[in-house]
Amino acid sequence: MSNTFQVDLRGMVDLLSHHLYGSPRVYVRELLQNAVDAVTARREQQPGAPAQVWIEPADGPGAGVLRVHDTGIGLTEAQVHELLATIGRSGKRDDLGFARHEFLGQFGIGLLSCFMVADEIRVQTRAADGRTVLWTGHADGRYEVAPAPPGQQRREQGTTVTLTPRRDAEHWLTSATVTELARLYGSLLPVSVRVGDELVTGGPPPWAGDPGDRRERLVAYAQEVFGFTPFDVIALSAPAAGLSGAAFVLPAPSNPASRSGHRVYLKRMLLSDGAEGVLPEWAFFARCVVDAGALRPTASREALADDGLLEATREALGDQLRSWLVRLATVNPSKLGEFLRVHHLGVKALALHDDEMLRLVERFWPFETNVGPMTLAEFRAEHEVVRYSATVDEFRQVAAVAAAQGLALVNAGYTYDGDLIARLPELDRSTLVERLEPSDLATRFDSIDPGLELAAQPFLAAAQSALAEPGCEVVLRAFDPVSLPALYLVSRSAEFRSSLTQTRGRVDDEWAQVLDAIASSTPADRPQLVLNHRSPLVRRMASLADPALVGMAVRGLYGQALLMGHHPIRPADAALMNSSLLGLLERAVLTDRGDR
Ligand SMILES: Nc1ncnc2c1ncn2[C@@H]1O[C@H](COP(=O)(O)OP(=O)(O)OP(=O)(O)O)[C@@H](O)[C@H]1O
């Protein structure tokens, strides 16, 4: 046995009118939309018919009700019964039930939004048959249809919708609010719309019309609507979606995480001034205004339906932004440089997957290197290998020493930089890239003469035992600059082990066992303190006879190397440095007093 759903009308009206829409203000849009659709339908039949919409707000001379008059096609009594009596029935679908592209409406629920601000909706309508019909709908789901009494006959074809305000909702129907909302939603509509005496529609969109001063118009539009003077304006078009418009490049960096909304019109009616999904995510440096004929709204008409057409449109618009960037690189490289200074993060994010953008970054974005700022292309022209540090700390630790060894080094510690450099060989297979591990530097230092090394053994043994506590290996090498007595080098695995050890001290036994298991599977590298045999200070230390003094001096050098290399100072390091400094001071004071 088959049954039919029963619908609780009161609940349905409440659901649609109160929960579908974000704010009661959309009632103005829904009324405008119906009026414009009715005008469009009439002009299909009578191309020269008047195309006017006139709104009389409730605080005007109209006895406390709001009226919307249109010169549209009107409805016959049969149509009123069919279209206004069935929720979800729309006169704007074709025979197969698809939304007809020339109309704004399609769902057959828009009129219900008026119940957010009105207790009663009256539709007084006259179609080409010349008879005026009166439909009165109530918020509880009741409605009446009747031929209009003699005093309420329309003289012209068209429709008047009258809203009797709900208590506490009167302010939504006043002149100031209605004018503002009609202008917000309808200023680009192709039909003349007046609120009281004020015309709220104003000609074609700013990106259409005379191309001569289009740019000036769009800049003025961005200033007025978005509140900024754009860095540049890019024309947008996507014929498959019937879309045209413009993108404005932001003059200041924007946070990639905070999505900036776009202003989207559908068939010249504002859909949203905070729409998402129109431009690809990486394009966070631009905001756009577009009008589309074929994109679909969600039922609340406050966002775009995320369908295949929107996806294809997003891709097409993304391509147009990319081409703008590429064109800028050829016709105005200094402007591109300016753009990158503001929006490099967005472009770099794009370059992670896009070769053309990677080329752009390579040619135009200056990186910090230990031989001065330069682009990767410039760096490549002078150095065989693009050697880089993967973190800013690593770069700081080794930049000067690497330069003294003749090793040019790029700081790839900022967001995306390491990944971008690692991707360079994908552009050109002959490019060599290499991440420099600080500990690799030691392998480039010169060993010292075996005789000297042998003589320094007692010193090295004393030094080693002085640094037994931080678990640091002491080695003696010769390197430049001579002014640097010691260098603290830590490999990635040593760094990892050290953070494991620190964490182990803070967790309970069960976790400690897990950490031990991890530690046992990582190589047992130790950090190194590399003493520089070219440094006069180190040589003098090597000849000291007093092991206690050697210990203090080596610990002092250890602390200084940590500080110089921007390494973290753990409590144990601080204690070591403290005892070294105090011990050395004491010796110095005693020596001066001749007390020894
Ligand atoms: N001013 C008007 N003139 C002529 N017909 C109208 C007018 N207002 C509403 N209608 C008729 O009433 C129907 C229902 O209107 P409603 O606003 O509820 O839905 P819709 O416009 O079809 O779709 P949507 O829910 O997307 O707005 C419309 O399809 C239209 O046929």
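In each ligand, atom 1 is the first atom listed, and ligand 1 is the first ligand listed.
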Colleague: Just to be sure I read this right, does ligand 1 sit under 4.0 Å from the backbone of Thr159, its side chain, both, or neither, counting only heavy atoms?
Modeller: side chain
Colleague: Answer yes or no for Arg301: is there a heavy-atom contact with ligand 1 below 4.0 Å?
Modeller: yes
Colleague: With heavy atoms only and a cut-off of under 4.0 Å, state how Val123 meets ligand 1: side chain, backbone, both or neither.
Modeller: neither
Colleague: Check Gln33 against ligand 1 and report side chain, backbone, both or neither, counting heavy atoms closer than 4.0 Å.
Modeller: side chain
Colleague: Answer side chain, backbone, both or neither: which part of Leu111 comes under 4.0 Å from ligand 1, heavy atoms only.
Modeller: both
Colleague: Salt bridge or not between Glu216 and Arg214? Use side-chain N to carboxylate O under 4.0 Å.
Modeller: no
Colleague: Which pair of non-hydrogen atoms, one from Gln152 and one from Leu134, has the smallest distance, and what is that distance?
Modeller: OE1-CD2, 3.7 Å
Colleague: Under the 3.5 angstrom rule, does the side chain of Gln320 hit a backbone N or O of Gly318 as a donor-acceptor pair?
Modeller: no
Colleague: Using the ring of each side chain (for Trp, its six-membered ring), is Phe231 parallel, tilted or perpendicular to Trp324, with breaks at 30° and 60°?
Modeller: perpendicular
Colleague: What residue and heavy atom of the protein are closest to atom 1 (N) of ligand 1, and at what distance?
Modeller: Asp70 OD2, 3.0 Å
Colleague: Using a strict threshold of under 4.0 Å (side-chain N to carboxylate O), is an ion pair present between Asp273 and Arg287?
Modeller: no
Colleague: For atom 14 (C) of ligand 1, which protein heavy atom lies nearest, and how many Å away is it?
Modeller: Arg89 O, 4.0 Å
Colleague: Counting non-hydrogen protein atoms only, what is the nearest one to atom 22 (O) of ligand 1? Give residue, atom name and distance.
Modeller: Ser90 OG, 2.5 Å
Colleague: Look at the side chain of Asp59 and the backbone N and O of Thr174, then say whether any donor-acceptor pair between them is shorter than 3.5 Å.
Modeller: no
Colleague: Which residue owns the protein heavy atom closest to atom 10 (N) of ligand 1, what's the atom, and how far is it?
Modeller: Leu75 CD1, 4.2 Å
Colleague: Any cation-pi pair here, Arg29 with Tyr185, using under 6.0 Å and within 45°?
Modeller: yes
Colleague: Please identify which atoms of ligand 1 are closer than 4.0 Å to at least one heavy atom of Ala38.
Modeller: 3 (N), 4 (C)
Colleague: With a 4.0 Å cut-off on heavy atoms, does Val161 reach ligand 1?
Modeller: no
Colleague: Under 6.0 Å from the six-membered ring centre of Phe364 and within 45° of its axis: does the NZ or CZ of Lys335 meet both?
Modeller: no
Colleague: Rounded to the nearest 0.5 Å, what's the gap from CD1 on Ile121 to OG1 on Thr136? Could you check?
Modeller: 10.5 Å
Colleague: Tell me the protein heavy atom at minimum distance from atom 7 (C) of ligand 1, and give that distance in Å.
Modeller: Asn34 CB, 3.9 Å
Colleague: Counting from 1, what ligand 1 atoms have a heavy atom of Glu30 closer than 4.0 Å?
Modeller: 27 (O)
Colleague: Quick one: ring pair (Phe, Tyr, Trp, His ring centres under 6.0 Å) partners of Phe248, sequence neighbours excluded?
Modeller: Phe226
Colleague: Please verify whether a non-hydrogen atom of Ile73 lies at under 4.0 Å from ligand 1.
Modeller: no
Colleague: Under 3.5 Å, side chain of Arg314 to main-chain N/O of Gly277, donor-acceptor pair present?
Modeller: yes
Colleague: What residue and atom, counting heavy atoms only, is the protein's closest point to atom 28 (C) of ligand 1, and at what distance?
Modeller: Lys92 CE, 3.8 Å
Colleague: Leu83 heavy atoms, cut-off 4.0 Å: which ligand 1 atoms fall inside?
Modeller: 31 (O)
Colleague: Anything under 30° is parallel, anything over 60° is perpendicular, the rest tilted; go ahead and classify Phe285 against Phe339.
Modeller: perpendicular
Colleague: Would you say ligand 1 has an N or O under 3.5 Å from any N or O of Leu112?
Modeller: no
Colleague: Among all the protein's non-hydrogen atoms, which is closest to atom 12 (O) of ligand 1, and how far away is it?
Modeller: Leu84 CD2, 3.3 Å
Colleague: Atom 23 (O) of ligand 1: which protein heavy atom is closest, and how many Å away?
Modeller: Gly108 N, 2.8 Å
